[in-house]
Every structure is written in C-alpha cells, then in structure tokens.
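These notes are about the structure you will find just below.
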Amino acid sequence: MTDDAPLLSLRDLVIEIRGRRLVDVAELSVARGQIVGLVGESGAGKSLLLSSILGLLPADATVRGSITFDGLELRGAPDRLLRSVRGHRIAVVLQAARAALTPTLRSGTWIERALVLHHVPAPERRTRIAHALDAVRLDPALLRRYPHQLSGGEAQRVAIALAVALRAQLILADEATSALDVTVQAEVAELFRELRQTEGTAVLLVSHDLALVAGLADRIDIIADGSIVERGGPGVLTNPQHRVTRELVTANPTLGRDAETPR
Amino acid sequence: MSGSEGAVGDSDVRGGSPAPGGERASDAGSALGRTIGYLARRPGLAFGLGIVIVLAVGAVLASLLAPFPGDAGNDTNLLGALLPPGGAHPLGTDLAGRDVWSRILFGIRISVGVSVVVIVASLLVGVPIGLFAGAVGGKLDDLLMRIVDVFLAFPSLLLALAIAATLGPSLEHAAIAIVVSWWPWYARLMRGEAAAIRGRAYVEAALLLGIPRWRVALRHILPNSIGPIIVQASLDLGGVILTFAALSFLGLGAQDPTPEWGLMVEQGRTLTSTQPWVAIFPGAAIMVAALAFTLLGEGLRERLDPKGLARS
C-alpha cells in the first residue's frame with residue numbers, strides 16, 4: 001500500500017447491473033510482488049470486481065471509476081489492448097481447475113497456444129515452459145494429458161504454470177483453491193508464496209476462506225455488499241471490527257485460536 | 001503455429017472419445033482388435049457400417065462391377081426390355097432394356113453421393129450460423145434464430161417440393177431444395193450446443209487468456225459441441241436419401257436416364273404386378289441405404305453423444 005506506483009489500482013470503482021449497484025470500491029491496490037487477499041461472503045461482489053479488471057463483465061453491466069494496471073487505464077480500453085493484457089500480464093486462475101481447461105486440448109497444447117497467442121517466439125517457448133513446469137513442480141509428462149486425465153491439483157498447476165510461462169505480473173486467483181482438497185490447497189497456496197519470491201508475481205487472492213488468505217496475504221481487504229469494509233494485515237483477524245469480518249472469523253474455528261500462525 | 005496444428009486434429013478426435021487415462025498410443029497394435037471387439041458387441045452398428053462400406057466400394061468401383069456400365073447412361077436395348085432376373089441380368093431389365101443391377105450400382109453415386117453432398121452443404125451453412133448465434137448470444141442470436149424458425153415452420157419435404165417445383169425439375173435443383181430445407185436444423189442444434197458450452201469455465205478461461213472471441217468459438221466451443229451435430233447428420237443421411245428419392249419419384253429430381261433410385265421406382269411403378277423387379281430392387285436399395293445410415297448414426301451417437309441416448 002505504501003508503494004508509490006501500485007501495479008494494480010482501482011479507484012472509485014462502481015459496477016451497476018440494470019440499475020443495481022453491486023460494487024462500490026473507493027480504493028483497492030496491489031503493489032508489485034504483493035499478495036493481497038480479498039475476502040467476502042459469496043455474493044459480495046468479488047467475482048464481478050475481478051471480471052471488471054479484465055473487461056469481461058456481462059454486456060448489461062456499467063462500470064465507472066478507474067482501473068489502472070502498470071500505468072494503463074483498463075476501464076473502457078479497446079478490446080485489442082485488453083486482450084494483450086489478459087493472460088499475458090494479468091493471469092486468472094479459476095476455481096474450477098479441471099473445468100477451466102478445454103477438454104479437447106492436451107494441457108501442453110493449451111499452454112503452447114497461449115504462448116503463441118502472446119507472441120512468444122518458438123525457441124523461447126520451450127525454455128519458458130520448462131522453467132514454468134519447474135516452478136510449479138509439474139511433471140512434463142502431464143503436458144501430454146487431457147484435462148480429464150489430470151487431478152484437480154494438477155490442473156490448477158497447469159493453469160499457474162501458464163501464468164508463469166507468460167510471465168504474468170499479477171495473478172488474479174478467483175477461489176483458486178476452494179475446489180481442491182486440503183493438502184492440495186496448502187500446496188497451491190505455497191506455490192503462490194514461492195512465485196512471489198522467485199518471479200516477483202503479485203497475487204490478488206479472492207476467497208471466502210479467511211484462514212487460507214490469512215496465512216498468505218500481506219494485506220487483507222474484507223468486502224461486503226460490494227464495498228471494502230475493513231482492511232489490514234493478517235492482524236485484522238485477531239481484532240475484527242466489522243460485523244462481516246467477525247462472522248468470517250467465527251465461521252472458521254481454527255482462526256480465532258491460532259490467527260498468528262495459521263495453517 | 002505449425003507445430004501445434006498437428007496436435008489439433010489429433011486432439012479433436014481423441015477428445016471426442018472417452019478413452020480412459022491409462023490407454024496411450026503404445027498399445028496401438030491392439031487398436032484394431034479393440035475396434036472389432038467394440039463392433040462385435042454392437043451388431044446394429046456393425047451392420048450399418050458394413051453396408052456403408054459396401055455402398056462406398058460400390059460407388060467407387062461401379063464402372064468395374066457393373067456388367068453393363070453403358071446402361072446407367074443413354075444406352076437402350078428395347079429388344080431386351082423387361083427381362084426377368086437371371087442370366088446376364090441378375091436383377092432383370094427395365095422398360096428400356098437397361099440392366100437394373102448396373103443402374104442400381106451407378107445409382108449409389110447419385111442417390112447416396114448426392115445425399116452426402118447435400119448433408120455436407122447443409123452443415124456448411126447451418127453450423128457456422130448456429131455457432132455464431134450460440135457463441136455471441138444477444139440480439140443477433142435472436143434474429144438468426146427467428147429466421148431459422150421461419151424455415152422450420154414448413155415441413156421440410158413440402159418446402160423442398162415447393163423449391164424444386166419453382167426451380168424446375170433437375171438433380172441439382174432437388175439438391176439445392178433439400179439443402180435449403182435442411183440447414184436450419186443444424187443451425188438450431190449447433191446454436192443450442194454452442195450456447196450451452198459458452199457458459200463453461202474453459203470458455204471463460206480462454207477469454208481470460210486474451211483469445212479473441214471468434215477463435216474461442218472455433219477452437220474451444222466448436223470442437224466440444226460438434227459431436228451431437230455429427231451424430232444428427234449421419235442419422236439424417238437416411239432421411240435425405242428418402243427425401244431425394246421422393247423428389248425424383250415425383251418427377252422433381254433426377255431425370256431419365258440418370259440412374260437415381262427414386263426415379264427407377266417411379267419408372268417401375270405401373271409394372272409392379274407384372275414385372276415387379278423394375279421397382280422392387282431400387283426400392284430395396286433405398287431402404288437398405290437409409291437403414292444403414294440410421295444404424296451407423298445410432299452407433300455414433302452412443303460414442304459421441306451419450307446424453308443424446310436419453311433424448312431419443
């Protein structure tokens with residue numbers, strides 16, 4: 001937050017669908033290499049906020065305010081610019097790990113295609129993919145598999161490996177671990193931590209799982225009814241002020257007892 | 001791009017089949033054995049496939065297999081008219097003394113061949129329109145589907161009849177008439193499949209990767225939704241063969257001396273009590289071909305569109 005030029009900065013962001021104001025965020029920023037948690041109950045506007053960053057809101061939604069990424073204004077930006085940012089500079093990791101991979105494509109083809117799309121030259125593709133697989137500890141043999149032949153954790157690694165191979169500066173993780181079982185959740189969370197260290201990747205971690213976010217994020221923003229209602233370091237959990245935060249904390253039995261050393 | 005193109009076709013084929021994870025290319029040697037085993041458990045599919053192969057071979061080798069190739073064209077032999085089956089003419093001869101067996105063989109190229117062309121043409125019109133409507137959605141989708149509804153409001157045989165009658169009787173016009181009455185089915189089917197796939201996570205993921213919408217439609221929606229359309233097309237082949245024969249039978253399709261099966265039935269229509277072979281054998285050919293494609297389509301459905309089994 002103290003960074004002079006945040007990587008991603010949302011200001012006075014208002015999203016309305018058919019006259020209903022669903023998101024109203026005064027300020028939200030992610031610095032380079034920072035992990036920010038955005039936590040809220042379902043329906044709080046988290047996913048809508050993520051979609052707005054990459055300009056993929058439903059057609060009947062209107063957006064006001066400003067979304068800047070690395071000095072670029074993304075709100076209302078031409079499709080061409082948005083497409084060059086999507087995946088390439090801002091990667092999204094979705095909740096449905098396997099379902100997010102096209103069933104008719106081998107995972108390797110899927111990664112390769114994305115690199116081609118974003119103009120990574122052929123000789124470099126090979127080294128980047130090798131590096132990415134290494135970074136996410138994924139067996140190269142899995143690249144020959146189709147999504148239905150992968151486990152949820154493996155599929156999620158494929159998605160994250162692509163983000164690494166594309167050298168995304170920011171990963172938007174939309175409930176990226178929610179569908180995975182607990183041990184795999186921890187592995188994927190650890191992966192985000194490592195990537196921040198080795199690649200300098202910033203992560204906006206959107207989740208309803210406060211425990212996971214608390215163990216990972218440098219800062220946590222609590223969102224309720226489309227607005228940020230509380231903000232702070234992991235300490236926000238030990239002394240929650242807002243009703244929603246308290247509810248999120250009490251909803252998770254492990255947090256109240258052991259908020260200082262989560263997991 | 002060239003490096004990944006090969007994998008595309010490959011993956012599309014493999015993706016359609018629910019091959020279990022353990023099976024890899026290494027046991028390709030037993031692929032033939034597995035296929036035979038698969039067919040042995042599905043006699044209908046095996047029969048349909050067998051007939052289709054026979055039809056294909058017959059169409060290609062008609063000029064070698066037919067005892068009187070000229071009889072498929074303008075040759076006539078009035079002294080040998082209406083000979084009963086046997087001897088040099090295994091299925092007898094027609095009013096003009098032409099060998100029925102030779103004409104049936106050459107008729108595969110017309111009756112089945114043109115039907116295949118008609119289906120492919122209908123797919124080429126219907127699938128892009130349906131894919132576009134389903135992938136884009138919104139007002140354009142509504143507009144396109146209302147146009148499709150207008151076409152579908154007419155019974156397809158009636159529409160084809162009206163168009164063929166307007167254009168004038170000929171083989172080409174009959175084919176055009178069937179395409180015009182047939183493509184809307186594929187447009188609607190494709191639209192439904194594409195619209196269902198559009199909401200899938202992998203389509204969202206593809207858009208989030210910065211892939212342009214048209215390419216998402218072609219590479220991520222189309223390969224994952226074409227299965228039921230392929231199945232429907234193969235099932236429809238039987239219907240198109242029948243429609244095409246019906247148009248010719250009514251004098252709106254192929255004209256003499258074209259060896260079209262429906263036309264041949266019509267030419268033997270008045271002789272059924274005295275020289276039944278003139279009409280019965282081409283009629284049987286129509287039936288067998290239509291049946292074969294229907295069985296093949298049902299077999300493909302089990303493979304490519306398992307949920308369609310519940311629909312039928």
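To find a chain, count down the sequence lines: A is the first, B the second, and so on, and within it residues start at 1. This one's a predicted model, so the numbers in the text were calculated from it and none came from an experiment.
By the 4.5 Å heavy-atom criterion applied to side chains, A:L105 and B:H220 are counted as neighbours.
Proximity to chain B among residues 44-56 of chain A is limited to A:L54, A:L56, judged by heavy-atom separations below 4.5 angstrom.
Shortest non-hydrogen contact noted between B:Y202 and A:P103 is CE2-CD, 3.3 Å. Heavy-atom minimum distance, A:L117 versus B:P212: CD1-CD, 4.0 Å. For the pair B:L208 and A:R86, the tightest heavy-atom approach, listed with the atom from each and the gap, is O-CB, 3.2 Å.
When A:A91, A:A100, A:G87, A:A114 are compared by the number of non-hydrogen pairs under 4.5 Å with chain B, A:A100 comes out ahead.
Note that the OG1 atom of A:T104 and the CG atom of B:L222 stand 9.0 Å from one another [nearest 0.5 Å]. Residue B:R219 holds its CZ atom at 10.5 Å from OG1 of A:T109, rounded to the nearest 0.5 Å. Atom CG of residue B:L209 and atom CG of residue A:L115 lie 10.0 Å apart, to the nearest 0.5 angstrom.
The part of A:L162 that comes within reach of chain B is its side chain, from C-beta onward, which places non-hydrogen atoms under 4.5 angstrom from that chain. Contacts between B:I221 and chain A at a heavy-atom distance below 4.5 Å are absent for every atom of the residue.
Partners of A:R83 under the side chain to side chain donor-acceptor pair (under 3.5 Å) rule, at least two apart in sequence or in another chain, are A:D79.
By the neighbour-count criterion of 12 heavy atoms within 6.0 Å, atom CZ of B:R146 is densely surrounded, having more than that number from other residues, nucleotides or ligands. Counting non-hydrogen atoms of neighbouring residues, nucleotides and ligands closer than 6.0 angstrom, the CZ atom of B:R213 reaches no more than 12 such neighbours. No more than 12 heavy atoms of other residues, nucleotides or ligands lie within 6.0 Å of CZ in A:R18, so this atom counts as exposed by the packing criterion.
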